[in-house]
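Notes follow once the structure below has been shown.
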Amino acid sequence: MAAVTLKDVAERAGVSVKTVSNVVRNAPRVSEATRKRVLEAVHELGYRPNPSARRLRTGHSGLIGLAVPDLATPYFAELAQHVRAEAAHLGLTVLIEETMGDATEELRLATGVGASLLDGVILSPLGVSPDELAAVANEFPLVLLGERSYERDQVGADHVLIDNVAAARDATAHLAGLGRTWIAAIGVDQQASATSRQRLEGFQLALHEAGVTYDPRLAPAIKEFDRRNGLLAMRALAALPARVRPDAVFCFSDLLAVGAQRALFEAGLTIPDDVAVASIDGSDEALYSTPSLTSVVPDKTAIASLAVKCLAARIRSAEPLPFEVHTAPHWLHARESTNGGRQQLFG
């Protein structure tokens, strides 16, 4: 039995082949009535898009990859949703890969090896070094997400990020502005990652501007940016002598903050009366935690839009494009963990 083609679907739906192509690629500017009619024809005929055939016709498959360290982390799960939505507007399909921060896997994806149908990749690197990325970045359309720990021209790839130093500074300044003077930091990781270094820099900068002395005892080392490490770090801080026990804590991620809040509950300390808590990520976890968590919100919609548009432009351009670094906005959303009281969600 011959494979069903776009032409077959077009004849069944009573539309042009171009319209069927637009619907299959989830491209905009197709009416809902037409889209429904085409999708019904697709279902009735059992049509399946063939990326290999599309690549033969156009030179592109319409498939891009998104590679992130851990989809169990709310930030990356939410970012993936935004990337898929933005890609759909451009008629692209996203295949999502979870690297778990493995340098070999990140390099494989950065070069397109083992993913021959992909036109390009959006990668949030964690394990791979700048030198390793620099050696392969020009081989395949690539956009990097997250912290940049290298010089602008060192790696040949576009980069989309937030200003981590400024974001950490904003969160810490908010705590200092509440009159807190023993401010702890949870997120100084043993790997000295770029995320940790930059957020520590912003933390220390805000302390200096507020006239508060940085005390290394209030910055315990952690292994991962997860709930358990937040819990353990906050337990250690809560066990300090009363004269140096923190009255506020800035966590380098929402998950760390959720763990820290649990430790404060176990210790019989109230939030924010005894200890105010702030973090970075702006995830739904922060919104629905009890108390709701004050968090710096990276504009995930902007991050996704910039990343997908940069990658699409690089894929479709016949000429080499200059590499660019884009900084997405962020803002502080103050909630119950620093403001106190009870705030009705969506009220």
Side-chain angles (χ1 to χ4, degrees), residues 1-68 71 77-97 109 111-123 139-143 145 157-158 160 299-322 324 326 328:
M1 182 177 177
V4 178
T5 66
L6 286 176
K7 184 178 179 181
D8 297 329
V9 176
E11 290 176 352
R12 174 66 66 92
V15 299
S16 68
V17 172
K18 177 65 174 176
T19 297
V20 175
S21 177
N22 286 339
V23 172
V24 170
R25 292 185 296 108
N26 201 24
R29 297 184 294 278
V30 178
S31 72
E32 285 305 311
T34 299
R35 188 181 299 277
K36 181 179 179 182
R37 193 161 72 250
V38 170
L39 290 176
E40 287 175 351
V42 166
H43 177 72
E44 291 167 1
L45 295 175
Y47 171 76
R48 294 291 182 272
N50 187 333
S52 296
R54 179 179 177 182
R55 170 162 280 190
L56 286 173
R57 291 194 310 270
T58 67
H60 305 301
S61 67
L63 301 177
I64 63 173
L66 171 65
V68 298
L71 284 168
E78 293 169 21
L79 181 62
Q81 292 178 338
H82 289 288
V83 169
R84 289 180 63 181
E86 184 61 37
H89 285 306
L90 298 181
L92 299 171
T93 299
V94 182
L95 301 181
I96 300 174
E97 294 273 356
L109 291 164
T111 56
V113 174
S116 59
L117 286 180
L118 293 181
D119 291 331
V121 167
I122 298 169
L123 170 67
E139 299 178 11
F140 189 61
L142 178 67
V143 173
L145 301 178
D158 296 312
V160 180
D299 190 337
K300 301 181 191 73
T301 300
I303 293 170
S305 178
L306 287 166
V308 173
K309 287 177 179 175
C310 282
L311 187 62
R314 195 160 294 283
I315 290 169
R316 294 167 180 171
S317 177
E319 301 295 330
L321 299 174
E324 297 180 339
H326 298 277

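This structure is a prediction, so every number in the text was calculated from the model and none was measured.
- Side-chain contact between Ile96 and Arg84: present, with at least one pair of heavy atoms (C-beta onward) separated by less than 4.5 Å.
- A donor-acceptor pair under 3.5 Å links the side-chain atoms of Asp158 to the main chain of Glu324, judged by distance alone.
- Of all the heavy atoms in Glu86 and Ser305, the pair that sits closest is CG-CA, 3.5 Å.
- Looking only at distances, a side-chain donor or acceptor of Arg314 sits under 3.5 Å from a matching main-chain atom of Leu321.
- Within the model, atoms CD of Glu78 and OG1 of Thr301 stand 10.5 Å from one another, a figure rounded to the nearest 0.5 Å.
- For the atom pair CG (Leu63) and CG (Asp119), the distance works out to 6.5 Å, reported to the nearest 0.5 Å.
- Atom CZ of Arg37 is surrounded by more than 12 heavy atoms from other residues, nucleotides or ligands within 6.0 Å.
- Shown here for Val17 and Lys7, the closest heavy-atom pair between the two residues is CG2-CA, 3.9 Å.
- The structure places CG of Leu39 at 10.5 Å from OG1 of Thr34, a figure rounded to the nearest 0.5 Å.
- Side chains of Val38 and Val42 form a contact here, defined as non-hydrogen atoms less than 4.5 Å apart.
- Residue Leu142 holds its CG atom at 9.5 Å from CD1 of Ile122, rounded to the nearest 0.5 Å.
- To the nearest 0.5 Å, the span separating NE2 on His326 from CG on Leu145 amounts to 11.5 Å.
- Summarising the geometry of Val143 relative to Ala307, their closest heavy-atom pair is CG2-O, 3.8 Å, with the distance given to 0.1 Å.
- Of all heavy-atom pairs spanning Pro141 and Ile315, the tightest one is CB-CG1, 3.9 Å.
- The two residues Leu118 and Leu95 have their closest heavy-atom pair at CD2-CD1, 3.7 Å.
- Here the closest non-hydrogen pair linking Ala87 and Val94 is CB-CG2, 3.4 Å.
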